[in-house]
Protein chains: 2
Amino acid sequence: MIKAERQNLILEYLTKDKKVLLDQISKILKVSEDTVRRDIKELSDKGLLRAVRGGAVHRSPIPLHFKERQYIDVEHKQIIAGKVLDYIKPDMVVLIDSGTSALAAVANLPKDIALTVVTNSFPVASVLEDHPKIEVLFMGGRLNKTAFSTSGFETIEAIRNIRADICLLGICSIDLNWGVTGADYEDSLIKKVMVETSKYIIALSTSDKLGTSESFYICAANRLDVIITEADPAEVDLTAYSQAGIEIR
Amino acid sequence: MIKAERQNLILEYLTKDKKVLLDQISKILKVSEDTVRRDIKELSDKGLLRAVRGGAVHRSPIPLHFKERQYIDVEHKQIIAGKVLDYIKPDMVVLIDSGTSALAAVANLPKDIALTVVTNSFPVASVLEDHPKIEVLFMGGRLNKTAFSTSGFETIEAIRNIRADICLLGICSIDLNWGVTGADYEDSLIKKVMVETSKYIIALSTSDKLGTSESFYICAANRLDVIITEADPAEVDLTAYSQAGIEIR
DNA sequence: TGTTTATTTGCAATATATTGCAAATATTAT
DNA sequence: ATAATATTTGCAATATATTGCAAATAAACA
């Protein structure tokens, strides 16, 4: 077990559990607590987490390094991606935000579909490399090196010039009272503008995010047209959502 | 087992296992750990992986499909990159176009320099991942999937909003009569606007491109401040260029 | 073909990094 | 304030990197 690997794992545990404890990591990875502490120190210096007494937690607005996140929850994301495909028809203009769920959806698009994809996410653009019939419009702006996406004024201006047929919103918290909310300010701003300018909104979420809320408001729940989760809709109580006019898949 | 074959295998193991270990590869391929280490060093210089103590891990989530072109003329580009560094000072705003020479220059920047880099090239942005003090502004536009850069109206508009201290122009043909010219229309347009809006222009070229011309005009030769080539300036006839007020390195 | 030249590879000596331990210090909770 | 717990620091053992060099191999050339 080499240092780089260990640090990757620490970041994975962090995204999964929202926190890591020194003794927990020390036991799992079978190294001394000192080593874990030093690893956390290094990661903290890179800005990838916040070291606290006893372990580490998320550094609030900054999303974790994409590298670490893309392998998490792969099965769930595959399921979500499959359901998304029903909504994507040839020649649509699809607006896609950053986030690994949307990325999974894009990665599962058929190779020969003709689309225009508008995105601010490097990985999304990159995955479309071998889809010859998909034209990609990339929205510029300040580059966020951890999420590999752009944000800020230029990005928002670029979105305002687009009126997409469909918008794929990466995982967010959804609550019928509080609406759709996000944990990262810059990212939530982007999502907000995307929702404003798109005709049809598909939110990608996980069933455990239904009924929860975060700090930054994106839009009212009934602004969403569809919510796609990894769960079987037959097994969740959806009456409240359908009453609000939202389809759940 | 030839070197190139070995290095390809290393990259394969890397994509499969997300990491490679020196002793593991050394045993599998039956070469010494030193050789593996040198291989990893080379691959790391090309930006294809990240060398860490004990082995290597992925560099970034963005598969640099740039691979093919990156192999070409590596030594020359390293030389060029070294010379470029003399012109980059802390806190400058540096405009960088797509192209592997500029990429090589960027990849060789010191890890802790503070800069603002403005670019339309994915690989350039991607290579700056581990330079925490470099802010990256990415210029949006239509994505060119072969060069992995953006171009078109939006990109040009974005450039017009920047007044960079220095512009690094990727390899072009330079002729004292015909000026600076490029072979690709869209790309030449971008370069043209970059030259118009930047204070100081550094052209990266190879000595065999001096005195040649391509189809699309970028700017007059004397608009360039410096031409950097891989050759020793003492061994080329530069009188004509210096008379035009161009420094050659 | 045979000879020369350059590159690649492995080895050994040396330098540097990583890790776990223990003592000293700081922090938190009661 | 006191005890319990976490962090920092220095140190030694071990693992890994770097460097120069020589042997092996491949490439270039007559």
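Naming convention: chains lettered A, B, ... in sequence-line order (proteins, then strands); numbering from 1 in each chain. None of these values were measured; they are calculated from a predicted model.
- Counting non-hydrogen atoms under 4.0 angstrom, A:Val36 reaches nothing in the nucleic acid.
- Applying the 4.0 Å criterion to OP1 and OP2 of D:dA17, one finds that B:Arg38 has every side-chain N and O outside that range.
- Under the 4.5 Å side-chain criterion, counting only non-hydrogen atoms from C-beta, B:Asp97 is not in contact with B:Leu168.
- For A:Arg53 and D:dA6, the shortest distance from a side-chain N or O to OP1 or OP2 is not below 4.0 Å.
- Evaluation of atom-type donor-acceptor distances gives no pair under 3.5 Å for the side chain of B:Arg37 against the base of C:dG10.
- Straight-line distance from the CG atom of A:Leu29 to the P atom of C:dT19: 11 Å, rounded to whole Å.
- Comment: B:Lys19 engages A:Glu5 in a salt bridge, judged by a side-chain N to carboxylate O separation of less than 4.0 angstrom.
- Candidate nucleotides C:dT19, C:dT9, D:dT9 were compared by shortest atom distance to the side chain of A:Arg6, and C:dT19 ranks first.
- Rounded to an integer number of Å, the gap from NZ of B:Lys30 to P of C:dT9 is 16 Å.
- Of the side-chain N and O atoms in B:Ser32, none sit less than 4.0 angstrom from OP1 or OP2 of C:dT9.
- You'll find the side chain of B:Ile113 reaches within 4.5 Å of the side chain of B:Ile88, heavy atoms only.
- In this structure, the side chains of B:Phe138 and B:Thr150 come closer than 4.5 Å at one or more pairs of heavy atoms.
- The separation between A:Ile2 atom CD1 and C:dA17 atom P is 17 Å, rounded to whole Å.
- Comparing C:dT18, C:dG10, D:dA17 by their nearest atom to the side chain of B:Leu22 picks out D:dA17.
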